[in-house]
S.K.: 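Structure in structure tokens, see below.
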There are 2 protein chains.
Amino acid sequence: MARPRTPLLSRERIVVAALALVDADGLEALSTRRLATELSVSGPSLYNHFATKDELLDAVVDSVMGEVDLGMFADALDWRTALRDWARSYRAALAAHPHVVPVLAQGPGRRPNALRLADAVFGCLVQAGWPRGQATRIGALMRYFITGSALGSFAAGFPEDERLYADDYPHLGEAHRLAEHRRAVDEGAFETGLEALLDGLALRFERLERS
Amino acid sequence: MARPRTPLLSRERIVVAALALVDADGLEALSTRRLATELSVSGPSLYNHFATKDELLDAVVDSVMGEVDLGMFADALDWRTALRDWARSYRAALAAHPHVVPVLAQGPGRRPNALRLADAVFGCLVQAGWPRGQATRIGALMRYFITGSALGSFAAGFPEDERLYADDYPHLGEAHRLAEHRRAVDEGAFETGLEALLDGLALRFERLERS
DNA sequence: GTCTATATATAGATAGAC
DNA sequence: GTCTATCTATATATAGAC
């Protein structure tokens, strides 16, 4: 096939297909061949749009960060409400694409959406009255909790084979039933942890204001 | 070479070398060929000790879980002290081997050390008076926070090139200096988050006891 | 901007000699 | 229990025709 009238591919089409592939079968399933097949083109055609596979992966990762809502920081509510809403949106975006979490947990690098997110969180906290050092730590610890929440289901990690636990793990007698309640357990743990974290931070903020 | 008098390899020697390789260059660097070279044997020799590469990887991952101290749960101090000490030991073990975190965050599976850990944490919380449902959530949310903390450095994720931030990210003017203080930032964030979490959980525990 | 053909590297795993 | 030889599959990427 020669050059088509209108291009078959675009960076966006490629990124969308690549993300779908990663979501379905994991990062290691993202090969240029498979991606090209999915897009009904030949492998080398992709190199007209991305110089290397790494450049493509970067775009895929940042597209996930682009799904995170940052609007709550503009409206300047209190820091606690903004942080809660942001955390939920952030987790939802990551949990929809768990296989990209290990990559994006390496930090923003030069990816615009990731940098925009860091900028918004830090700006909100400083504006609310947190000292810059503390604001940095809060940004970090929130990312720790959220990426950890999206990296893997807690409930689904326990095999459903009841006999596995019986003899050796006295307290795990009901662990084989965790997978059934996967969503409730995982979301309950996230919400409990989020509120506990915010309560703990609020205690520190009160102390700060009194001094 | 024929069968040697004393075996050149053992499961333990292989696991230790494999972990060193993963620590140095990441999970994808763990190939049977490279591992064999590192051990001064030929590739296929490894298959006398592990049936598949997956079986080997499982052993590597569980060896990291074996580094986590669980002694604090036996002495039955208050749950808060035990949880704090355990969290620090857990994070230290994982942070020493960040490349295995995405695998072990998938849950315990059938790995004995991982199951032992889950059993100890859950048992401690229930014994301290937490309802079983709450204890499950606390085990989950602690794992979220700890794996997230060990998955990647927050500080090291920001490029040191000052010009990157200047125009587009008004609040990140000092972000290029984060990498310098990497350890202080990452450990400070972990400690702050850990104490905030424990404070928030303690609030809930008090409420529980009053009712 | 897409194609076919291909270069080059590397992977996990098996067969069978010793 | 280790070896050599090899099978089979798959990867990223380039050259050059159209």
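These numbers come from a predicted model, not from an experiment. Labels below follow one simple rule: chain letters A, B, ... track the order of the sequence lines, proteins then strands, and each chain is numbered from 1.
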S.K.: Find the bend of the helix from C:dG1-D:dC18 to C:dC18-D:dG1 as the angle between its two terminal axes (five pairs each), to the nearest 10°.
M.R.: 0°
S.K.: Is A:L19 close to A:V100 at the side-chain level, that is, under 4.5 Å between some pair of heavy atoms?
M.R.: yes
S.K.: What does nucleotides 13-18 of chain D look like as a protein-contact string, B for base, S for sugar-phosphate only, - for none, at under 4.0 angstrom between heavy atoms?
M.R.: BB---B
S.K.: Round to a whole Å and report the spacing from CG of A:L56 to P of D:dA11.
M.R.: 14 Å
S.K.: With ring pair (Phe, Tyr, Trp, His ring centres under 6.0 Å) as the rule and sequence neighbours excluded, what pairs involving residues 132-153 of chain B come up?
M.R.: B:F145-B:F190
S.K.: Does B:L30 reach a base, just sugar-phosphate, or nothing at all? Heavy atoms under 4.0 Å.
M.R.: sugar-phosphate
S.K.: B:E162: what forms a side-chain contact (heavy atoms from CB on, under 4.5 Å) with it, not counting sequence neighbours?
M.R.: B:H176
S.K.: Using a cut-off of strictly less than 4.0 Å, decide whether A:S45 has a side-chain nitrogen or oxygen near OP1 or OP2 of C:dG1.
M.R.: no
S.K.: Please list all pairs meeting side chain to side chain donor-acceptor pair (under 3.5 Å) that have one or both residues in residues 1-17 of chain A, counting only residues at least two apart or in different chains.
M.R.: A:R11-A:E55
S.K.: Counting only side-chain N and O atoms of A:S31, is one of them less than 4.0 Å from OP1 or OP2 of D:dA11?
M.R.: yes
S.K.: Grab the CG-C1' distance between A:L35 and D:dA11 for me, whole Å please.
M.R.: 14 Å
S.K.: For A:F122, give me all partners under ring pair (Phe, Tyr, Trp, His ring centres under 6.0 Å), at least two apart in sequence or on another chain.
M.R.: none
S.K.: Between A:D25 (CG) and D:dA11 (C1'), how many Å, whole number?
M.R.: 17 Å
S.K.: Run the side-chain contact (heavy atoms from CB on, under 4.5 Å) test against B:D69 and tell me which residues pass, sequence neighbours left out.
M.R.: B:M72, B:S89
S.K.: Would you mind checking if B:E195 and B:R84 are paired as a salt bridge, meaning a charged N to carboxylate O distance below 4.0 Å?
M.R.: yes
S.K.: Heavy atoms within less than 4.0 Å of DNA chain C: which residues of residues 15-23 of chain A have one? Give them sorted by number.
M.R.: none
S.K.: Among residues at least two apart in sequence or on other chains, which ones pass side-chain contact (heavy atoms from CB on, under 4.5 Å) with B:D58?
M.R.: B:R111
S.K.: May I have the distance from B:L8 (atom CG) to D:dC3 (atom C1'), rounded to whole angstrom?
M.R.: 11 Å
S.K.: Please report the distance, rounded to the nearest Å, between NE2 in B:H49 and C1' in D:dC3.
M.R.: 13 Å
S.K.: Applying a 4.0 Å non-hydrogen cut-off, can you work out what B:S42 is touching in the nucleic acid: base, sugar-phosphate, or nothing?
M.R.: base
S.K.: Quick one: A:F50 CZ to C:dG1 C1', roughly how many Å, whole number?
M.R.: 15 Å
S.K.: In whole Å, I'd like the distance from the CG atom of B:L57 to the C1' atom of C:dA11.
M.R.: 15 Å
S.K.: Using the test ring pair (Phe, Tyr, Trp, His ring centres under 6.0 Å), find all partners of A:F154 that sit at least two apart in sequence or belong to another chain.
M.R.: A:F158
S.K.: Going by the rule salt bridge (charged side-chain N to carboxylate O under 4.0 Å, His left out), which residues pair with A:E67 if we only count those two or more places apart in sequence or in a different chain?
M.R.: none
S.K.: Please enumerate all residues that pass side-chain contact (heavy atoms from CB on, under 4.5 Å) together with A:L164, with sequence neighbours excluded.
M.R.: A:P159, B:R110, B:L115
